[in-house]
Asker: 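Before anything else, here's the structure in question.
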Amino acid sequence: MHWLKRAVFLLCLTPLVWLLALALLGELGANPIEAVIRYLGDWALRLLLLTLVATPLRLLTGWTWPVRLRRMLGLFAFFYAVLHLCSYVVLDQFFAWDIIWEDIVERPFITMGMLAFLLLLPLALTSSHASMRRLGRHWKRLHRLIYPAAILAVAHFTLMVKADLREPLFYAVILAVLLGLRLLPAPRRHPVTRET
Amino acid sequence: MLILRRTDIPPSEITPATVYGDRRRFLGAALAAGGALLLPHAAQAALPRRFDQLARSPLSTTEPLNSYKDITTYNNFYELGTGKDDPARNAGSLKTQPWSVTIDGAVEKPGTYTLEDLLKPHALEERIYRLRCVEAWSMVIPWVGFPLGDLIKRFNPTSRAKYVAFTTLHDPEQMPGQRRAVLDWPYVEGLRMDEAMHPLAILAVGLYGEVLPGQNGAPLRLVVPWKYGFKSIKSIVRISLTEQMPPTAWNKSAPQEYGFYANVNPAVDHPRWSQKRERRLGELRKRETLPFNGYADQVAQLYSGMDLTRWY
């Protein structure tokens, strides 16, 4: 398990390394700021969806190892969401708080993105074992906020697009499947487990 | 005599050396790749690859130009794909020779003309314009073209001509983006007659002193610098003079977001984003968007008395 966690940790960092490499090589195209924001948003969403894969995978296969990677995936999703938000605040708007506030209030796609981020924030803050112990059964209820956060994140992407909805709808379908699979009945415990 | 503030340096020399070199490499690669295909057509080529001795228009801006690379690799041309870099990748399938354009509707001399015949009477000039996209970015582009009004006059519009409608080539074989109904193909755009006759409205056949690449709307496109970029329709095959306001592509797709007029207006936001500021590509900080994209002195009187919040 230890080596797997390390490998996944490094894998989760590669998109950032790749982005830095593209930036240093000047390969981000004619509108590099837009490219950075989109790229970080894409990875935040992908990792958020990947975080949601653990449970259906357990329901379908009985495997428990994906659940043990879940916290790290979720924290990386949050990490990319923070970078995505920072790139918007710093690179795109250069701390023009009045305009940022107007965006949040008046543009539904930005409202949804910001809400998704705000829902992820307490999850990241309570991700430690200590928090799990302290919150007890409330921890699980709190962390169900990932469902509305993921739905808002996909809506955020969908409402941003001008006419070609293929990409956001692709993520919407994946999210629908991941949420739908949770309705499956939990698998019967493996006999070996029962004997122990 | 025209007194110009610009120096007598051709745009090719204003371009940074690196970009200029890059442009040659780009062209060289394109020629090498397409060489075999292009050869049979070479005899028919009426448009030169480079336009020499272009007259310089006093209507040009003196702002620094965006690079050839930026202008030709960051495009909205959904017929060639919806990603910004798709059009440059897919432009190879667009065949611009031979090319003909139909002029019809409320004109005394309708007909279908080869591009060469259509262009023959017009002296090409260089027009350096700001281009403001509805997505809140902008560029400065040295177009090669001629006034649209000069072309329209040649075909003697009748008194019924109130609008000009333009149509892009509709051929999914050549334009892979048209294989999916992202927009209602073919792309149609339009201008009111007085807008079309305005000296700032041009038909362009080139940029940076060279023939237009496919991704920028080869071989013939409209450029209306005081309107959002989507009005400046690309790869035109038909120009119709009409009595009714033509139904235009983006307006049909999302009428509450894209009006027929689509004049650049910082006071009227797109429903989903602000139009107050824009990013000039190549600049770090956003800049204020100007009414009519900075051409208000020349064009604002076209809309006197109109409520521009309603007629966005």
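Quick note on labels: first sequence line is chain A, next is B, and so on, each numbered from 1. Excluded from the calculations below are hydrogen atoms, water molecules and symmetry mates; all remaining heavy atoms, backbone and side chain alike, are included.
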Asker: Testing the 3.5 Å rule here: is there a donor-acceptor pair between the side chains of B/Gln174 and B/Ser93?
Answerer: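 Distance-only check fails for B/Gln174 and B/Ser93.
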Asker: Can B/Glu278 and B/Arg287 be counted as an ion pair, charged N to O under 4.0 angstrom?
Answerer: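 No salt bridge links B/Glu278 with B/Arg287.
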Asker: Within residues 256-269 of chain B, which residues come under 4.5 Å of chain A, heavy atom to heavy atom?
Answerer: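 B/Tyr258, B/Asp269 fall under the 4.5 Å cut-off.
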Asker: Given the options B/Ser274, B/Ser253, B/Pro271, which has more heavy-atom pairs under 4.5 Å with chain A than any of the others?
Answerer: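 When all of B/Ser274, B/Ser253, B/Pro271 are compared, B/Ser274 has the most.
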Asker: What I want to check is whether the side chains of A/Tyr88 and A/Asp103 have a donor and an acceptor closer together than 3.5 Å.
Answerer: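 Side-chain D/A pair, A/Tyr88 to A/Asp103: present.
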Asker: Where does B/Arg285 contact chain A at under 4.5 Å (heavy atoms): side chain, backbone, both or neither?
Answerer: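 Side chain only.
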Asker: With sequence neighbours excluded, what pairs up with A/Thr14 under the side chain to side chain donor-acceptor pair (under 3.5 Å) test?
Answerer: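 With neighbours one apart ignored, the set is empty.
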Asker: For A/Val90, which atoms come within 4.5 Å of any heavy atom of chain B: side chain, backbone, both, or neither?
Answerer: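 Neither part, no heavy atoms under 4.5 Å.
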Asker: Examine the side chains of B/Glu135 and B/Asn76 and answer whether a donor and an acceptor come within less than 3.5 Å of each other.
Answerer: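 Side chains of B/Glu135 and B/Asn76: pair found under 3.5 Å.
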Asker: Which answer fits A/Leu91, side chain, backbone, both or neither, if we ask what part of it has an atom under 4.5 Å from a heavy atom of chain B?
Answerer: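 When you check distances to chain B, only backbone atoms of A/Leu91 fall under 4.5 Å.
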Asker: Please determine, by modelled atom types, if A/His143 and A/Ser127 share a side-chain donor-acceptor pair under 3.5 angstrom.
Answerer: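 There is no such pair (donor and acceptor under 3.5 Å, judged by atom type) between the side chains of A/His143 and A/Ser127.
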Asker: Looking at B/Lys286, B/Arg180, B/Lys276, B/Lys84, which one has more heavy-atom pairs under 4.5 Å with chain A than the rest?
Answerer: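 Of the candidates given, the most pairs with chain A belong to B/Arg180.
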Asker: Would you list the pairs meeting ring pair (Phe, Tyr, Trp, His ring centres under 6.0 Å) in which at least one residue belongs to residues 7-26 of chain A, sequence neighbours left out?
Answerer: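 Counting only pairs at least two positions apart or across chains, the ring pair (Phe, Tyr, Trp, His ring centres under 6.0 Å) contacts touching residues 7-26 of chain A are A/Phe9-A/Phe76.
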Asker: Side chain, backbone, both or neither: which part of B/Leu284 has a non-hydrogen atom closer than 4.5 Å to chain A?
Answerer: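 Both parts, backbone and side chain.
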Asker: Sorted by first residue and then second, give each side chain to side chain donor-acceptor pair (under 3.5 Å) pair with at least one member in residues 26-36 of chain A; sequence neighbours left out.
Answerer: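 For residues 26-36 of chain A: A/Asn31-B/Tyr74, A/Glu34-B/Tyr74.
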Asker: Once you round to the nearest 0.5 Å, how far does CE of A/Met112 lie from CZ of A/Arg107?
Answerer: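 Rounded to the nearest 0.5 Å, the CE-CZ separation comes to 14.5 Å.
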Asker: Output the option from B/Asn66, B/Leu281, B/Val134 having the highest count of non-hydrogen pairs under 4.5 Å with chain A.
Answerer: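 Answer, by heavy-atom pair count under 4.5 Å with chain A: B/Leu281.
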